[in-house]
Amino acid sequence: MISQFASATETDPVKMGWMVGSPPPEDKRVAFQDGGHYQFPKTRWSFCNFRSLVPTTVVSRGLGPASPLQRAELAELDAVKFTPMGSSSTMTWGQAYDANYTDGIVVLHQGKIVYERYSGVLKPEGQHIAMSVTKSFFGLIGQMLVAEGSLDPSAYVTRYVPELKNSAFADATIRQILDMRTGLKYTENYADPQAEIWTHVRAGGVLPRPPNYNGPQTFYEFLQTVQKEGEHGQNFAYKTVNTDVIGWVIRRVTGLSIGEVLSQRIWSKLGMEQDAYFTVDSAGNEFAGGGLNTGLRDLARFGELLRNDGNWAGQEIVPKAVIDDIRFNGDASVFPVTTFPTLEGWCYRNMWWVSNNAHGAYAARGVHGQALYIDPKAEVVIARFGSHPLAVSTHSDPTSLPAYHAVAQFLMHTTG
């Protein structure tokens, strides 16, 4: 329960004075070296300022003008009511904003901004780490390469990255990686300090390393140490390493860094307002599993691209067949609902979470409250950044997923 933590208002990073001063007082500093940047409530500052803490590379927006987003703002959205999962009491959209420690949210309806709000140190011109929302960008690009014939979904990963021949990925297919149906000795239990996720991110420099550390020095070095547990092709099992494997494969197939691929295929084509940026390891490898940082309106533009079946300003950026593959080719029978109790009926395809609800909603999701939610039937896109004190989405889903659906229904029935 989140009641063990101070409220969103009490932990507002501006109110707390993080990193204010020249230099900031010792007790107001957020630093990488002591791991403080990943400790709540300092995360409410660091998630908006990752490039001040770790090495990064740019995802260029190109040199063209920003594409305008028209506005038709509806203040009454704050009063939209919904019933949180497992509750008999209602909550409003406005109340859910703080309940989920939201740093910023943009709602588009039929391509127009109907709601935009920021908190703490996140401003419209600011950027925020997207965490595992990052994965969905590269699941999409991976499927684009499949559609183009550049990537064989039935091929073993080692066709493209032979360096993984002694790892768990040696006999995994590209399709199994894209859908995270791999049998790996790798846990993503954030409450377990011995979980492999921590070794993974320390190898990539996302967290500081302990004294006398002699483990893998980069993301890709870590991938080569992952061992098999169980068989590939069984139930969906969420493991961040799969996305770093796809990132490495994309690099080999295209001859470009994944940041360059993202820029060329998506970021420079949508009239984004800002460059995005990536956290990188000591060898310059971008963190495909969770290192993308973007502006909030730009994330919403990406969602709007998908809502429009891959078309932007009359140009096909992503083939509709690629988006259809995400929306319709997942397998709910291999989705372990006991592991994801807030996602009953969902499935996972090409690193996207698919609700299979009446609106056909699907989403990119990241720890601590990052989300890009697309509701095709209601013509709604919701982009959200947050700094929830608990990482796993099951803590924020009860007061976010029903809220998204309620707002989508309100917009669909109120504004046509």
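Quick note: residue numbers are just sequence positions, from 1.
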Item checked: E344, CD atom: more than 12 neighbouring heavy atoms under 6.0 Å ->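 Open: at most 12 neighbouring heavy atoms sit under 6.0 Å from CD of E344.
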
Notebook entry, point to check: Is the NZ atom of K185 crowded by more than 12 outside heavy atoms at less than 6.0 Å?
Noted result: no

Checklist line | Side chains of D152 and S154, donor plus acceptor under 3.5 Å | finding: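 Checked: D152/S154 side chains pair up, N/O donor to acceptor below 3.5 Å.
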
Item checked: Flag for N100-T102: side-chain donor and acceptor within less than 3.5 Å ->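 Their side chains do not contain a donor-acceptor pair, so the 3.5 Å distance test is not met.
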
Item checked: Pairwise side chain to side chain donor-acceptor pair (under 3.5 Å) hits with a residue in residues 52-70, at least two apart -> S67-R301

Quick one: do [X] and [Y] make a salt bridge, cutoff under 4.0 Å?
X: R252; Y: E163; result: yes
X: R307; Y: D375; result: no
X: K112; Y: E73; result: no
X: R349; Y: D179; result: yes
X: K239; Y: E196; result: no

Is any side-chain heavy atom of [X] less than 4.5 Å from a side-chain heavy atom of [Y]?
X: M16; Y: P41; result: yes
X: L372; Y: I382; result: no
X: Q143; Y: L178; result: yes
X: L207; Y: H37; result: yes

Margin query: Given the ring of Y277, does R51 sit roughly above its face, with NZ or CZ under 6.0 Å from the centre of the six-membered ring and within 45° of the axis?
Written below: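 Geometry flag: set, cation within 6.0 Å and 45°.
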
Check: Does R117 count as lying over the ring of Y97, i.e. NZ or CZ under 6.0 Å from the six-ring centre, within 45 degrees of the axis?
Finding: yes

Check: Of T254, V261, L151, I246, which is the lone residue that meets side-chain contact (heavy atoms from CB on, under 4.5 Å) with I141?
Finding: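 So the option named by the test is V261.
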
Any chance the rings of [X] and [Y] have centres within less than 6.0 Å?
X: Y238; Y: W353; answer: yes
X: F278; Y: F287; answer: no
X: F340; Y: W346; answer: no

Item checked: Under the side-chain contact (heavy atoms from CB on, under 4.5 Å) test, residues paired with A203 that sit two or more places apart ->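 By the side-chain contact (heavy atoms from CB on, under 4.5 Å) rule, A203 matches Y213, P216, F222.
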
Note to self: List the residues meeting side-chain contact (heavy atoms from CB on, under 4.5 Å) with A391, not counting sequence neighbours, and say none if there are none.
What the structure shows: Y190, V367, H368

Check: For the salt bridge (charged side-chain N to carboxylate O under 4.0 Å, His left out) test, which of E316, E260, E148 pairs with R265?
Finding: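 Result for salt bridge (charged side-chain N to carboxylate O under 4.0 Å, His left out) with R265: E148.
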
Next item on the list: Could you grab the distance from atom OH of Y156 to atom CD of Q176, nearest 0.5 Å is fine?
Entry: 8.0 Å

